[in-house]
There are 2 protein chains.
Amino acid sequence: MFLVSLIPIRSGTPGSGPERSDAARNRELLLCAARQLIEECGADALTMDKLAERAGVGKGTVFRRFGSRAGLMMTLLSDSEAEFQGRFMFGPPPLGPGAPPLERLIAFGAGRIGYVLEYGDLARAAEHSVYNRFEVPAAVLWHRHIEHLLREAGLDADPWLMAMSLSATLDPERLLHAVRVQGVSPERLVESWRQLVTRVVRPAE
Amino acid sequence: MFLVSLIPIRSGTPGSGPERSDAARNRELLLCAARQLIEECGADALTMDKLAERAGVGKGTVFRRFGSRAGLMMTLLSDSEAEFQGRFMFGPPPLGPGAPPLERLIAFGAGRIGYVLEYGDLARAAEHSVYNRFEVPAAVLWHRHIEHLLREAGLDADPWLMAMSLSATLDPERLLHAVRVQGVSPERLVESWRQLVTRVVRPAE
DNA sequence: ATACTAAACGGACTACGGTCCGGATAATAT
DNA sequence: ATATTATCCGGACCGTAGTCCGTTTAGTAT
């Protein structure tokens with residue numbers, strides 16, 4: 001039912017045809033330089049100018065390749081993102097199919113919390129697109145997954161909006177703020193998520 | 001217990017002493033010009049340069065007065081914000097004290113949704129501070145209010161984190177996106193909020 | 001009135017994301 | 001090898017938020 005491409009992340013294809021050799025070389029140079037810079041100073045300190053300079057290419061090339069800073073971050077995340085998507089869509093239970101929907105919901109939140117805490121700044125930067133951070137393909141997929149599980153669990157309320165509320169809880173910016181500024185432990189986040197979805201799924205009366 | 005100042009919004013006081021007459025005059029000029037520009041082109045199109053030019057002051061003056069673009073937006077919102085705060089803290093039930101906590105929670109969400117839909121772009125821009133959008137005084141106050149009501153309702157789970165999840169649901173950016181891009185009706189939002197808090201408050205077993 | 005000072009002023013300056021377009025170049029056809 | 005062309009490249013350029021600092025001015029003391 002939900003056969004979305006496993007790799008909906010932009011892989012840096014400005015045109016539709018095959019990639020020219022210099023373009024491919026520059027893409028590798030850029031990704032490599034980006035990872036270096038992030039290693040050295042953190043994702044937040046990565047600027048497109050510095051990236052272009054480090055990679056030894058012009059600034060225009062950076063933007064042609066990745067469209068925007070958020071696009072670059074998404075590309076950097078695409079591997080781990082695809083891996084996570086594979087796990088919750090096709091992997092073993094309780095995250096993957098096979099377990100009861102509530103179990104899967106709980107596991108999804110826990111997985112997502114772990115993911116966000118691991119790739120925090122990157123995930124945050126990837127959503128920092130000026131327009132439509134809710135229509136990033138990955139975000140849409142999570143939303144649909146949650147909605148699907150809510151329906152399977154027999155939710156007797158608006159599943160689309162309820163999935164929106166639950167997605168909001170898993171928003172990287174909020175999670176990172178809770179952990180890094182407020183000092184909330186990841187375990188506490190996971191437990192609260194469990195409490196939340198358990199209550200949401202239970203019938204109203 | 002929660003006696004927070006009713007006006008925690010920054011009112012544009014760079015120093016701590018009284019305001020010099022030229023400073024007061026310029027603040028009025030700026031607020032007036034800002035409202036004009038927003039009326040004409042919308043809040044999103046308001047730039048600090050245009051504002052300075054329209055008000056006939058230097059750009060530095062704008063930033064000394066309001067600190068940042070977000071600070072300006074907060075100042076513009078402060079009246080309606082204070083009014084809303086007054087309603088849910090001291091006003092008549094079900095929003096104000098007197099009604100059962102669940103009723104108050106439902107009313108709070110409904111009120112907040114209405115508020116966001118009315119002052120949408122402004123509220124969004126006010127939270128667009130680069131750092132710490134969760135520590136804006138008004139946001140902290142809402143969070144504490146929700147947490148307080150959850151405790152009063154006898155929630156047997158982590159009230160602080162649960163309040164965070166519920167706050168996330170009421171995030172202006174998300175609400176506006178749902179209404180303006182996805183075409184969700186305000187009534188549907190309110191109903192979903194009611195379903196959500198009703199389930200959250202109910203005991204686990 | 002004059003001198004003094006703390007505060008406010010203004011606009012040049014920086015940093016950054018993003019755009020544009022004339023020139024270079026890789027792939028392909030001949 | 002040469003010509004052709006679609007693609008890519010580079011970096012000058014733009015708009016915007018925010019900073020800095022030399023200059024001006026409002027309030028006050030004398």
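Protein chains get the first letters and strands the later ones, always in sequence-line order, with residue 1 at the start of each.
In this entry the distance linking CD of A/Glu53 with P of D/dG10 reads 13 Å, nearest Å. The CG-P distance, from A/Asp22 to D/dA6, rounds to 16 Å in whole Å. Atom C1' of nucleotide C/dC16 and atom CZ of A/Phe66 are separated by 18 Å, given to the nearest angstrom. What separates CZ of A/Arg65 from C1' of D/dG10 is a distance of 13 Å, to the nearest Å. Distance B/Arg25 CZ to D/dA26 C1': 11 Å, rounded to the nearest Å. In this structure, the CD atom of A/Glu19 is 14 Å from the C1' atom of D/dC9, given to the nearest Å. In this structure, CE of A/Met48 is placed 16 Å from C1' of D/dC9, rounded to the nearest angstrom. Atom CG of A/Leu51 and atom C1' of C/dG17 are 13 Å apart (whole Å).
Comparing B/Lys50 and B/Arg20 against DNA chain D, the residue whose closest nucleotide sits nearer the 5' end is B/Lys50. Toward the 5' end of DNA chain D, the nearer of the two residues A/Asn26 and B/Ser21, judged by each one's closest nucleotide, is A/Asn26.
Between A/Phe88 and A/Phe108, the two ring planes are perpendicular [angle over 60°; tilted spans 30° to 60°].
Using a cutoff of 4.0 Å between basic side-chain nitrogens and carboxylate oxygens, B/Asp121 and B/Arg124 are scored as salt-bridged. With salt bridges taken as basic N to acidic carboxylate O contacts below 4.0 Å, one links A/Arg194 and A/Glu191. Between B/Arg151 and B/Glu147, at least one side-chain N (NZ, or NE/NH1/NH2) sits under 4.0 Å from a carboxylate O, which counts as a salt bridge.
Closest approach to the B/Asp49 side chain among D/dT16, D/dC9, D/dG10 is made by D/dT16 (side chain taken as heavy atoms from C-beta onward). Across D/dT19, D/dG10, C/dT19, the shortest atom-to-atom separation from the side chain of B/Phe63 is found for D/dT19. When the nucleotides C/dT25, D/dA17, D/dG10 are ranked by their closest atom to the side chain of A/Thr61, D/dG10 comes out on top.
When heavy atoms are screened at a 4.0 angstrom cut-off, A/Arg69 is found touching the sugar-phosphate backbone but no base atom.
No hydrogens or angles were tested; on distance alone, nothing pairs the side chain of B/Lys59 with the base of C/dA12 as donor and acceptor under 3.5 Å.
At distances below 3.5 Å, not a single donor-acceptor pair connects side-chain atoms of B/His143 with backbone N or O atoms of B/Leu166.
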